[in-house]
Undergrad: 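Take a look at this one; I'll ask things after.
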Amino acid sequence: MRKKIVAGNWKMNTTLQEGVALAEGLKAALEGKQVNCDVVVCTPFISVASVVKAVEGSVIGVGAEDCSAHTSGAYTGEVAANMVASTGAKYVILGHSERRQYHGENNEILVEKLNQALANGLTPIFCVGEVKEERENGTFKAVIEGQMEAMYTLSAEDFAKCVVAYEPVWAIGTGLTATSEQAQEVHAFIRASIAAKYNAEVADNTSILYGGSCKGSNAPELFAQPDIDGGLIGGAALKVDTFMPIIEAWK
Ligand code: PGA
């Protein structure tokens with residue numbers, strides 16, 4: 001059975017001290033509670049190691065927001081997947097729309113990053129999603145299928161180690177959420193595409209998260225959809241009070 005997951009993406013927010021305080025606050029809030037999903041926080045590189053320490057003994061998993069396409073060496077400013085893994089982090093977001101938009105990440109680069117992450121035992125949370133124009137002109141499914149091609153270079157065994165996140169770009173940080181029907185339609189489309197590429201078992205076992213202005217008020221309806229297995233949360237992950245209701249949406 002596929003996992004239910006609520007993952008935070010802190011983006012370029014929180015200093016080291018703020019990040020540790022946020023992680024400690026989340027750990028405290030979860031203590032003694034029945035948690036019905038996997039909880040993950042993906043933090044800026046600078047905080048990953050300290051957040052891993054801060055959440056020790058809790059259910060919280062930690063990840064980075066990116067990793068290098070390269071293994072090691074003369075790539076000033078880059079952080080390799082093995083460095084991320086050496087902190088004890090278990091996840092890495094790859095192909096977030098902000099990386100695609102501002103850092104020119106394309107399938108070629110993302111195939112390298114996927115391989116780096118998997119070779120170092122990290123679970124990639126691989127993001128796909130259309131921009132507003134592609135939603136409006138009806139090309140969004142072809143766009144998403146094209147983005148999935150990077151993942152489809154993986155063997156079924158490696159694919160099974162990944163999480164997919166559908167994040168319509170027009171819904172990220174805008175307050176506009178895809179309706180649960182719109183999200184479900186794309187999630188079902190992605191799952192069918194995975195089944196066609198691999199097989200029904202791989203598709204059934206893949207967790208597909210929704211991201212884009214997901215919050216406590218809309219999470220229950222989104223998570224009630226048959227193909228939505230959780231959320232990738234930006235803004236609402238930056239405060240314990242707004243992140244917890246999303247986790248608690250999994251009854
Ligand atoms: P948002 O971001 O929840 O702030 O819309 C989601 C994301 O970009 O992962």
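When a ligand or atom number is given, it counts from 1 through the structure's own listing order.
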Undergrad: Could you check whether any heavy atom of A236 sits closer than 4.0 Å to an atom of ligand 1, since that is the contact criterion I want to use?
TA: no
Undergrad: Can you tell me the protein heavy atom closest to atom 9 (O) of ligand 1 and the distance?
TA: E167 OE2, 2.7 Å
Undergrad: Measure the spacing between OH of Y166 and CD of Q182 and express it to the nearest 0.5 Å.
TA: 7.0 Å
Undergrad: How about E133 and W170: does a side-chain donor come under 3.5 Å of a side-chain acceptor?
TA: no
Undergrad: Using heavy-atom distances, let me know which of G234, G173, G231 sits nearest atom 5 (O) of ligand 1.
TA: G173
Undergrad: Look at the aromatic rings of F223 and W250 and report parallel, tilted or perpendicular, splitting at 30° and 60°.
TA: parallel
Undergrad: Of all the atoms in ligand 1, which lie at a distance below 4.0 Å from a heavy atom belonging to H96?
TA: 7 (C), 8 (O), 9 (O)
Undergrad: Would you mind telling me which of I233, T177, T242 makes a side-chain contact (heavy atoms from CB on, under 4.5 Å) with K215?
TA: T177
Undergrad: What do we get for I172 next to ligand 1 when only non-hydrogen atoms under 4.0 Å count, side chain, backbone, both or neither?
TA: both
Undergrad: Mind checking whether H70 and Y75 have parallel, tilted or perpendicular rings, split at 30° and 60°?
TA: parallel
Undergrad: For ligand 1 and S213, I'd like to know whether there is a polar contact (N/O to N/O, distance under 3.5 Å).
TA: yes
Undergrad: Find all atoms of ligand 1 within a distance of less than 4.0 Å from any non-hydrogen atom belonging to G235, and give their numbers and elements.
TA: 1 (P), 3 (O), 4 (O)
Undergrad: Heavy atom under 4.0 Å from ligand 1: found in A171's side chain, backbone, both, or neither?
TA: backbone
Undergrad: Test your reading of the model: is there a side-chain donor-acceptor pair from Q184 to the backbone of D227, 3.5 Å cut-off?
TA: yes
